[in-house]
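Source: prediction; values computed, not measured.
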Amino acid sequence: MYRNETGITMQTGEQFTEQFKITSFVYEGFIQLFNDRNTLHTNDAFAQKQGFSDKVMHGNILNGFLSYFVGECLPLKNVIIHTQQIQFKHPVFLDDELQLDAEVSGVFDSVNAVEMKFKFTNTEKKIVAKGKLQIGILT
């Protein structure tokens with residue numbers, strides 16, 4: 001178990017859940033910030049020709065949700081992402097509602113780090129992405 005100077009702890013097995021939605025604001029903001037206008041992400045007809053029901057959202061939007069989760073939703077605020085691995089399993093579309101489930105899978109007091117496994121699921125309970133994070137705790 002990790003306990004900071006204010007008594008806030010994180011321990012193996014602890015679970016967290018957050019909800020996210022891919023809104024047009026998120027989608028358009030991503031394009032404006034990163035200038036990724038790949039046809040699969042911007043053209044419905046092209047995406048449908050590739051076998052998708054609509055244009056596919058950028059996978060890295062989920063990385064942004066993870067950044068928010070680590071920086072704003074965890075009980076510890078003095079954290080930094082050391083490593084982040086993500087596997088994209090199914091496409092995500094505009095207006096999809098996603099649930100992030102994360103679990104502490106390891107606490108490493110000797111190096112002030114916490115490892116978490118996570119998954120994003122859509123409303124159909126399909127895992128659209130999964131992976132793990134290692135979070136450093138700043139002193």
Pair listing, side-chain hydrogen bond (donor to acceptor under 3.5 Å, both in side chains) test, anchored in residues 16-29, at least two apart: Thr17-Asp101, Gln19-Gln99

Same apolar cluster: Phe93 and Val128, side chain cutoff 4.5 Å: no

Pairs satisfying side-chain hydrogen bond (donor to acceptor under 3.5 Å, both in side chains), at least one member in residues 113-132, at least two apart: Ser105-Glu115

hydrophobic_cluster_shared for Ile22 and Ile31, side chain cutoff 4.5 Å: yes

Donor-acceptor contacts, no H, no angles, side chain residues 61-76, under 3.5 Å, sequence neighbours left out:
| residue | atom | partner | partner atom | Å |
| --- | --- | --- | --- | --- |
| Asn63 | OD1 | Gln84 | NE2 | 2.6 |
| Asn63 | ND2 | Asn60 | OD1 | 2.3 |

With Phe88 via ring pair (Phe, Tyr, Trp, His ring centres under 6.0 Å) - residues at least two apart: none

Cluster link Val56 to Phe34, ILVMFWY, side chain under 4.5 Å: no

Sequence neighbours excluded, every pair satisfying ring pair (Phe, Tyr, Trp, His ring centres under 6.0 Å) that has a member inside residues 41-64: Phe30-His58, His41-His58

Heavy-atom check, side chain of Phe20 versus side chain of Val26, under 4.5 Å: no

Cluster check Met57, Leu33: I/L/V/M/F/W/Y, side chain < 4.5 angstrom: yes

Any Val92 side-chain heavy atom under 4.5 Å of Leu98 side chain: yes

Asn78 side chain vs Leu138 backbone, donor-acceptor pair below 3.5 Å: yes

Heavy-atom side-chain contact between Ile137 and Val114 under 4.5 Å: yes

Salt bridge (charged side-chain N to carboxylate O under 4.0 Å, His left out) partners of Asp36, counting only residues at least two apart: none

Non-hydrogen side-chain atoms of Val104 and Gln11 separated by less than 4.5 Å: no

Any side-chain heavy-atom pair of Phe120 and Ile127 under 4.5 Å: no

